[in-house]
Amino acid sequence: MERNDLEKIRLEKIDVMRAEGIDPYPTTTYLTHRNQEAILAFEENEKAGNEEQVKATLAGRIRAMRLMGKIAFSHIEDGTARIQLFFRINEIGEAGMQILKDLYDLGDYIEAQGFLFRTRTGEISLHVQSFRMIAKAVTPLPAAKDEMVDGQVVRHATLNDPETRYRQRYADLAVNPQVREIFRVRASTVRAIRDFLDQMDFLEVETPILQPIYGGAAARPFVTFHNQLKQELYLRISFELYLKRLIVGGFDRVYEIGRDFRNEGVSYKHNPEFTQVEFYMAYADYQKVMEITENMVAYVCDQVLGKRILEFRGNTIDVTPPWQRLELRQGIINTTGIDINAYPTAEGLEAAMKEKGYPFKPGSPRGKLVDALIGDYLEPTLLQPTFLYDYPRDISPLAKSKPGEPSTVERFEGFVAGMELCNAFSELNDPLDQEQRFLEMGNEYESDDEERHPMDEDYLRAMSYGMPPMGGFGMGVDRLVMLLTNQQTIREVLLFPHLRKLEE
RNA sequence: GGGCGCGUAGCUCAAUGGUAGAGCAGUGGCCUUUUAAGCCAUUGGUUCAGGGUUCGAGCCCCUGCGCGCUCACCA
């Protein structure tokens, strides 16, 4: 591969090392402590008043180097902490000092053996007695100078260009500790969701990602092909239909945390693949699921942040239950003045929207028009956690109708900070009604072939065996992590967000 | 897919159409013992790519590529 001048200098250093019999990439590291452990061990020893020094062999990446003639200071960093190394010619010798000067660069991994002490400025450091290269870096990290001021890392320039940060996430993570922190929060979030559901006796399961029939949402799928079976397969757009089959099978409470794939546009809140948690709970309805939802999000905040107040886009958001409950119809009346119940047909609603000057796509099904009113006018106003409930039947083919209101279903969506976070309903368990819904959806979206909800005969068969009443729930984990970390785009909470391929 | 903006040294950024610069990083030197964002010197460029206008283009025009914002799309 092509190397720039900085890299060529380092490659020459590798040649020198090999010529001198030094392996720049040895296999074994003999560290006795991770950096954080060493710092704690020193502090404990100091507190106990022991005369005896704490000996340690540490390892990490060189993030700063200050050569001062006969002494030198360096900061190294491992996954736990940054610690200072102190080199003195008395211990490492003139040859050692020369090697340090000639062969070591920022970004290299070093192993250093010595004893812990405090410098005159009070910083816990390792007084190095011997050291060696454990991995030479050829490419310099994309960061300029670092220093410690009052225990804080101060960086004078760092990798900032979003394209480079996403394409070379490894470099981004290596130089931007706040980016690493986002993904620690992400891991804690997933763990907290799992803990919460496990504590409620939900069973975690895994269902197919490659599916012969996709379903459970209205989205365009990715299509792939199994060569040996000579069969088209779809990457799942939701877990829903498989998880509900498991309820039929006798697992009363199931959940899955995994990846969904939707072949649609990208935006600050959409990525072609995203992480979803779905759960299904027999003998529960959507009211019960609302309670579980608000408790779950509050639990996650407690576990991950230790508080229930979030800052997001300058808004202060309190996720403490109970969340506001707002009937969808009323919410739309409040923000647009249109009572959707007064317009049972698409044509009627379209006329009403036209009269009020709201934009719409002519010829849309009624549900799409309602969706447009929600997305454009209602959703942005829902800053504090809000459950919007009771949706039109025709955009909810898997949800159960409200008793006595055939055109409305028991469905809610949770909104936080003006962003849709989750979607849930009392699940439709009447196989005859379900078959009818599939047929209606087929007709409704006939013009829009790719987004049509395909008939799933096997799912209907499962339901025909008898499906208990249940509540179901789905939440975008990426969006929750955005909220918890105050990130404005989904790309910041994805380790490797999708970018267009570069021409080579 | 549309609109707007951006793309200059390893990183962060400058540069009226008139010799492409700075800071940091790098390289060389100074520095005899607890800090340094140190001091002195110095290297480094296909200005995203390809065309065009012009005596002369990083800058103006066209095309392409990539990224960002935004609209569309999006349960």
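Hydrogens, waters and symmetry mates play no part in the numbers below; they use all other heavy atoms, side chains included. Naming: A, B, ... by sequence-line order, numbering from 1 per chain. Computed from a predicted structure; not experimentally measured.
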**Asked** So what does A:Ile9 touch, heavy atoms closer than 4.0 Å: a base, only the sugar-phosphate, or nothing?
**Response** sugar-phosphate
**Asked** When you compare B:C61 with B:G28, how far apart are their P atoms, in angstrom units rounded to a whole number?
**Response** 45 Å
**Message:** Using whole Å, what does the distance between atom P of nucleotide B:A75 and atom CZ of A:Arg437 come to?
**Reply:** 17 Å
**Prompt:** Taking the same atom, C1', in B:A57 and in B:C48, what whole-Å distance lies between them?
**Reply:** 16 Å
**Message:** Give the residues of residues 415-424 of chain A touching RNA chain B, defined as any heavy atom closer than 4.0 Å, sorted by residue number.
**Reply:** A:Glu420, A:Asn423
**Prompt:** Considering only the P atoms, how many Å lie between B:G52 and B:C59, rounded to the nearest integer?
**Reply:** 14 Å
**Message:** Distance check, C1' atoms only: B:G23 and B:U63, in whole angstrom units.
**Reply:** 36 Å
**Prompt:** When the P atoms of B:G10 and B:U47 are considered, how many whole Å apart are they?
**Reply:** 12 Å
**Prompt:** Looking for any heavy atom pair under 4.0 Å, which part of the strands does A:Lys13 touch: base, sugar-phosphate only, or nothing?
**Reply:** sugar-phosphate
**Request:** Considering only atom P, compute the distance from B:U8 to B:U12 and round it to an integer number of Å.
**Result:** 9 Å
**Complement of B:C4, any strand, by Watson-Crick or G-U distances under 3.5 angstrom** = B:G68
At a cut-off of 3.5 Å, list every protein nitrogen or oxygen paired with a nitrogen or oxygen from nucleotides 68-72 of chain B, distance to 0.1 Å.
from: B:G68; atom 1: OP1; to: A:Arg491; atom 2: NE; distance (Å): 3.0
from: B:C69; atom 1: OP1; to: A:Arg491; atom 2: NH2; distance (Å): 3.1
from: B:C69; atom 1: OP2; to: A:Arg491; atom 2: NH2; distance (Å): 2.7

**Message:** Suppose you measure atom P in B:C67 against the same atom in B:A25; what distance do you get, rounded to whole Å?
**Reply:** 32 Å
**Prompt:** Does any nucleotide pair with B:G10 by Watson-Crick or G-U wobble geometry, both distances under 3.5 Å, and what is it?
**Reply:** B:C24
**Message:** For the C1' atoms, the ones on B:A9 and on B:U27, what distance do you get once it is rounded to whole angstrom?
**Reply:** 15 Å
**Fill in**
Taken to the nearest whole Å, CG/A:Asp161 to P/B:A9 is 11 Å
**Request:** Please check if any side-chain donor atom of A:Gln129 sits under 3.5 Å from a side-chain acceptor atom of A:Gln113, or the reverse.
**Result:** yes
**Message:** Walk along nucleotides 30-35 of chain B from 5' to 3' and tag each nucleotide B, S or - by protein heavy-atom contact under 4.0 Å, base first, then sugar-phosphate.
**Reply:** -BBBBB
